Student: 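Sharing a structure below in structure tokens format, with a few things to ask.
As the structure is a prediction and not an experimental result, all values here were calculated from the model. Count residues from 1 along the sequence.
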Amino acid sequence: MVFRRLFRRQAEPDVQLEKSLEKTRRGVFSEITRLFDRSAIDEELYEDLEMLLLQADVGVDVSEQLVGELRARVERDRIADPAIAREALREAMVELLELATRNRKLKVLQRGVPFVVMVVGVNGVGKTTTIAKLAAYHQGFGRSVMLAAGDTFRAAAIDQLKVWGDRLNVPVIAHEQGADPGAVVFDAMQAAHNRGIDVLIVDTAGRLHNKFNLMEELGKIRRIMQRHVEDAPQEVLLVIDATTGQNGLIQAQKFAEQVDITDIMIAKLDGTAKGGIAFSVAKELGTPISYVGVGERAVDLSEFKPETYVDSLFFGEGDGL
Ligand SMILES: Nc1nc2c(ncn2[C@@H]2O[C@H](COP(=O)(O)OP(=O)(O)OP(=O)(O)O)[C@@H](O)[C@H]2O)c(=O)[nH]1
Ligand SMILES: [Mg+2]
């Protein structure tokens, strides 16, 4: 069949990502694929497509945009074959994700200067787990890593970080519960310098209920970091929980209004059939999505690549396309 020749995987497969997107792929995206198995492109196709995109949590505006983009391409290129239209949709999706990744700044690790990553986000989104994943990720490049327990709000948060530190054989700088996060960060910056650490990853509390406090505290932490390293934190990673869908996006938007975010991590992709969230995140926040979380283990992190992501929504091991 024609579409088999046209519609195929373009990027290198990422098995972990494919697995975590299985629910999304088997659900809505298999229906989207089937939508194009018809003889002609008609109005119903566009309507059904928009509805399915909404179901995958692509969001109202972005769903409309993608459908509009598809209509424009069909018209411009005089596409009559639905199978070719499906390819045009795929391209439009990749381009939408690429818009955000294009803003990504090149990150250079300098010898003797700790690369500081501050991880922020609302309660329970997966910050601490993301820190473990990032630690393992940087270790994979042979970099030395240190963690700072900047979430001093709960004793359990400090313990959780220490457990990960033990497992990954990474030092953790921590104070008692209720201590000043600024003091933790101050100690961690000094320790990272003294021990020649390459990457220092700082956990933070996710309290959004008091905007003033959040701003004040993150601002203070930033100033303390900058006493040691002028451009620290070189990465401010906002973690978003994919399972919370459009609500999570709204929370993330509020967060991003108050804190300068450089990168986004979409966590818990494996726990949802709403993998379309990446499109609204890319469009609405405009900040590059750098990583996705695909499970609870330290190895469950994938770098975000637009083409691989879109392919994984349509194709998977053994899915038969
Ligand atoms: N399935 C799955 N679970 C995840 C992922 N990331 C985190 N989790 C789970 O989500 C829960 C919350 O994760 P944490 O890392 O503690 O989240 P947090 O943002 O640090 O939470 P607070 O410190 O309470 O604000 C834990 O049970 C994690 O195991 C993921 O990518 N996939
Ligand atoms: Mg935490």
Side-chain angles (χ1 to χ4, degrees), residues 1-102 242 266 269 272-283 288-289 292 302-321:
M1 279 202 280
V2 179
F3 80 82
R4 282 185 192 276
R5 181 172 52 81
L6 279 166
F7 199 61
R8 57 167 188 254
R9 204 193 289 273
Q10 305 272 325
E12 268 298 296
D14 176 335
V15 179
Q16 266 193 315
L17 179 66
E18 265 172 29
K19 220 175 150 4
S20 76
L21 284 173
E22 197 168 303
K23 287 193 191 119
T24 309
R25 183 173 61 248
R26 296 248 161 108
V28 174
F29 274 83
S30 71
E31 283 187 57
I32 290 178
T33 302
R34 278 202 301 276
L35 213 51
F36 292 84
D37 288 340
R38 57 175 72 202
S39 52
I41 300 167
D42 49 25
E43 199 50 35
E44 199 185 59
L45 170 73
Y46 293 120
E47 281 167 18
D48 290 353
L49 175 63
E50 191 167 329
M51 196 191 66
L52 286 169
L53 289 171
L54 281 173
Q55 277 178 34
D57 242 351
V58 170
V60 178
D61 292 352
V62 184
S63 297
E64 268 174 26
Q65 187 191 336
L66 278 173
V67 172
E69 188 59 38
L70 178 61
R71 279 181 197 272
R73 283 170 199 230
V74 164
E75 217 163 283
R76 186 193 66 200
D77 300 337
R78 296 177 210 276
I79 299 172
D81 183 347
I84 297 177
R86 176 167 39 199
E87 184 60 34
L89 171 67
R90 181 192 171 283
E91 275 170 21
M93 291 177 125
V94 172
E95 281 172 24
L96 200 155
L97 295 178
E98 275 174 348
L99 270 184
T101 37
R102 216 169 286 157
I266 302 183
L269 257 190
T272 178
K274 295 177 178 292
I277 188 76
F279 297 95
S280 28
V281 167
K283 177 79 188 351
I289 302 168
V292 291
S302 281
E303 281 181 28
F304 183 82
K305 299 190 179 108
E307 201 161 43
T308 309
Y309 194 87
V310 173
D311 273 358
S312 305
L313 287 170
F314 286 109
F315 309 101
E317 202 71 39
D319 282 2
L321 253 179

Student: Of all heavy-atom pairs between Ala85 and Ile41, which one has the smallest distance, and what is that distance?
Tutor: CB-CD1, 3.8 Å

Student: Please determine whether a side-chain nitrogen of the Lys or Arg among Arg71 and Glu64 lies less than 4.0 Å from a carboxylate oxygen of the Asp or Glu.
Tutor: no

Student: Report the distance from atom CD1 of Ile84 to atom CG of Leu89, rounding to the nearest 0.5 Å.
Tutor: 14.0 Å

Student: For the residue pair Thr308 / Asp14, report whether a side-chain donor-acceptor contact shorter than 3.5 Å exists.
Tutor: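 No - no donor-acceptor pair under 3.5 Å links their side chains.
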
Student: Please check: side-chain N/O of Arg25 versus main-chain N/O of Glu18, any donor-acceptor pairing under 3.5 Å?
Tutor: yes

Student: Mark yes or no: Arg90 above the aromatic ring of Phe314, with NZ or CZ under 6.0 Å from the six-membered ring centre and no more than 45 degrees from the axis.
Tutor: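 Not satisfied by the 6.0 Å and 45° rule.
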
Student: Can you tell which of Leu21, Thr33, Leu17 makes a side-chain contact (heavy atoms from CB on, under 4.5 Å) with Leu313?
Tutor: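 Between Leu313 and the candidates, side-chain contact (heavy atoms from CB on, under 4.5 Å) is satisfied uniquely by Leu21.
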
Student: What distance separates Met93 CE from Ile32 CD1, expressed to the nearest 0.5 Å?
Tutor: 5.5 Å

Student: Mind listing the side-chain donor-acceptor pairs of residues 51-63 below 3.5 Å, one per line with the distance, residues two or more places apart or on another chain?
Tutor:
residue : atom : partner : partner atom : Å
Ser63   : OG   : Gly59   : O            : 2.7

Student: So which atom in Ala282 and which in Leu97 form the shortest heavy-atom distance, rounded to 0.1 Å?
Tutor: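 Answer, listing the atom of Ala282 first, then Leu97: CB-CD2, 4.0 Å.
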
Student: Is a side-chain donor or acceptor of Thr272 paired with a backbone partner of Leu269 at a separation under 3.5 angstrom?
Tutor: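 No: the side chain of Thr272 does not pair with the backbone of Leu269.
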
Student: Okay, side chain of Asp77, backbone of Ile79: is any donor-acceptor separation there less than 3.5 Å?
Tutor: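 Answer holds: no.
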
